[in-house]
Protein chains: 2
Amino acid sequence: MRQKPTLKIIAKELDVSVSTVSKALRDSKEISDETKEKVRAFAKLYNYKPNNIALSLKNKKTKTLGVIIPEIVHHFFTTVISGIEDYANSHGYNVIVGLSNESFDKEVINLEMLANGSIDGFIISVAKETLALKDYHHLFETIDQGIPIVMFDRVLDEIICDKIVVDDIATSRKAVQKLIDSGAKKVGIITTEDYVSVGRLRTKGYVEALQFNNINLDENLILKIEDNNKPQDELLHLETQIKNYLKHNEIDAIFAVNELYAITAMKAARELGYSIPQDIQFVGFTDGVLSKHAFPPLTTVSQHGKAMGSQAAKLLINRLESTDETEDENYKTVVVETDIIERETTLNSNES
Amino acid sequence: MRQKPTLKIIAKELDVSVSTVSKALRDSKEISDETKEKVRAFAKLYNYKPNNIALSLKNKKTKTLGVIIPEIVHHFFTTVISGIEDYANSHGYNVIVGLSNESFDKEVINLEMLANGSIDGFIISVAKETLALKDYHHLFETIDQGIPIVMFDRVLDEIICDKIVVDDIATSRKAVQKLIDSGAKKVGIITTEDYVSVGRLRTKGYVEALQFNNINLDENLILKIEDNNKPQDELLHLETQIKNYLKHNEIDAIFAVNELYAITAMKAARELGYSIPQDIQFVGFTDGVLSKHAFPPLTTVSQHGKAMGSQAAKLLINRLESTDETEDENYKTVVVETDIIERETTLNSNES
DNA sequence: CTGAAAGCGCTAACAG
DNA sequence: CTGTTAGCGCTTTCAG
């Protein structure tokens, strides 16, 4: 095992001072070409690379971003990370990932661990539990310490910072409109409880779309999935809730606020003898592997997670590197476009 | 914006020396109870937290693990990460994630970036391109620098280090045996090209299972998917390869070395008029969301990614914290168990 | 019991 | 053109 060379070692070896070596390697004009050459050759030979930690301590910046998400085994978050990585890496930044597992405490711990010098800024989508508790002190504190935060997907009006969102309301309106245009008369929604902001907004879009088409709102057609937070029987729970809902209502189209709800509902519908899309149409939210490979392939609105991720990284890095004091207050929230990807769970408008 | 308190600031405020504050906070017995109390109170009030970077520089360890994987939008890797995170976090370590995107160059860059002091050790699954090129100098060099590596899933015999694997051969044997026991006479395999070690090994298990059952090997039943590395039309490419394969062979069971191949093959089979599992049975490898929600739900062998992740983290952290010189050479490779999760694409043995 | 000093690896202001 | 010095935040001898 060969130990890593340091400036000190090189300096001693070449019988010059540490600062000379440092300057030579950074091509300072204070140093003679001759010395530069000598130092560079030696450095290359011994494969010298500056120590990141020392640089971080010196510069008070680590060139790494902290990403905190509720869950990594989840296609949407995973695409966002890949967008972040992409942008960050190509701009010289690394990415530390912290998982909250939807737990408030873990979110706080992760934030605090990383806030002590490990990262320059955060990209975060808050845990459900945090949303439920409405306790945001950890976020306020890190901003107060001068560490910028970019929120995405699950964002908070209370926190003043850069944000990346999807226009949930407009997108849902669009999705529901699609269903109506394809001939659906009784469209239902499978959504989350209202404390999950994205669920609430998507429900709102659903309601607006109905109003716009002069369709009376039937509260029974809104299924809010109770999240019991016990992964083991969650799926079963989900299935029974959906099956009951389908049995007790006359529905010819369903808008589901995520893939899993959509897929589970399709399965339930199939088991109840419906054929898709003739008897009942489906549109999901968030395009992922499940949608593409479902049977039949699910029409879904794509959130462009990768774009959200790189946008988030871009906003954060810009803020970190901006020396412009006036920009300090100028927080943006960028809305990323969504598309509906038509697959085989919806009818064409003219077929209806 | 309140700036973070440092030892220096506290010391000045309390009119004592920096070292006194440091010692007081670490409960050194050199310090009087009175002073300790005073310092602690002040530190709590100002919410003092030691700066990680300074500690890292001082201690020559960062308490963070570098994880380098080919692809994050992939259920298996994602479960592994979650296992790593879990174990690492509960032992005071953070996790930096680097993605190689199956590219050799990106793998090298990531490794080098992180090796310069950012992390204490690596957990890595190598990129396909690296496997194809057989260029492992970056791995040798980081080990040579004294940075331990734990490899998982795609491991290399040439590299001497801790490894976490699945017994691919035995597992494949088991999977194919299951198919045979369920009455299959002509079982095919959809696998990768041989340079992907896991593909090669799984193919080997397939061959062994046939031999064991005195079934003649028909080379035509082995479909090695060409990976053209162009994501956009990859899927289409995959589909046509598989469809051709199904058309030109008589097959009543397929063992696929990953979920995607299995799902795609099921789709192709359905389109060709087969019914599953009556006409053709399927077993996949690597249990993920796709398998569970496929139509019909796919029988699959579970790799226990989360267990692999925490095992990897455990091995790495043990090695990092072991002061025992004798352990230095004692590299383990742990084999994690696999299970076959029976769902609806296979017949029961007694039904056959 | 407390403080001064050195050092982790690096940069930069300032002398020479 | 090169070297000395100080300092980033912290720990740890070693003196007092």
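Quick caveat, the model's predicted, so the values are computed rather than measured. Letters go in sequence order (proteins before strands), and every chain restarts at 1.
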Starting at [atom1] of [X] and ending at [atom2] of [N], how long is that distance when rounded to a whole Å?
{"X": "A/K4", "N": "C/dC8", "atom1": "NZ", "atom2": "P", "result": "16 Å"}
{"X": "B/K12", "N": "D/dG7", "atom1": "NZ", "atom2": "P", "result": "12 Å"}
{"X": "A/L14", "N": "D/dG3", "atom1": "CG", "atom2": "P", "result": "10 Å"}

Please collect all side chain to side chain donor-acceptor pair (under 3.5 Å) contacts where either partner lies in residues 9-18 of chain B, sequence neighbours excluded, each pair once.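 For residues 9-18 of chain B: B/S17-B/S19, B/S17-B/T20.
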
B/E102 bridged to B/R154 by N-O distance under 4.0 Å: yes

Which parts of nucleotides 9-16 of chain C does protein reach within less than 4.0 Å, heavy atoms only, written one letter per nucleotide 5' to 3' as B for base, S for sugar-phosphate only and - for none? BBBBBB--

My understanding is that only residues two or more places apart in sequence, or in another chain, count here; which of them pass side-chain contact (heavy atoms from CB on, under 4.5 Å) with B/S103?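 With neighbours one apart ignored, the set is B/D105, B/K106, B/E129.
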
Residues two or more places apart in sequence or in another chain: which of them pass side-chain contact (heavy atoms from CB on, under 4.5 Å) with B/V335? B/V165, B/D167

If only side-chain N and O atoms of A/S17 are considered, is one of them under 4.0 Å from the OP1 or OP2 phosphate oxygen of D/dG3?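 Answer is yes, contact under 4.0 Å.
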
More than 12 heavy atoms of other residues, nucleotides or ligands under 6.0 Å from CG of A/L133: yes or no? yes

Quick check on A/K163: does its NZ atom have over 12 non-hydrogen neighbours (other residues, nucleotides or ligands) under 6.0 Å away?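 More than 12 heavy atoms, drawn from other residues, nucleotides or ligands, come within 6.0 Å of this atom.
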
Listing, residues 113-125 of chain A side-chain donor-acceptor contacts under 3.5 Å, not counting sequence neighbours, or none:
from	atom 1	to	atom 2	distance (Å)
A/N116	OD1	B/K4	NZ	2.5
A/N116	ND2	A/E112	O	2.9
A/S118	OG	B/N52	ND2	2.9
A/D120	OD1	A/T62	N	2.7
A/D120	OD1	A/T62	OG1	2.9
A/D120	OD2	A/T62	N	3.2
A/D120	OD2	A/K63	N	2.7
A/S125	OG	A/F152	O	3.3

Among D/dG3, C/dT2, D/dC1, which is the nearest nucleotide to the side chain of B/T35? C/dT2

Taking any heavy-atom pair under 4.0 Å as a contact, classify B/S56: base, sugar-phosphate, or nothing.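 Nothing: the residue B/S56, judged by heavy atoms under 4.0 Å, touches no strand.
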
Any idea how B/H74 and B/F76 line up, ring-wise: parallel (<30°), tilted (30 to 60°), or perpendicular (>60°)? perpendicular

Inter-axis angle, terminal five-pair segments of the helix from C/dC1-D/dG16 to C/dG16-D/dC1 [nearest 10°]: 60°

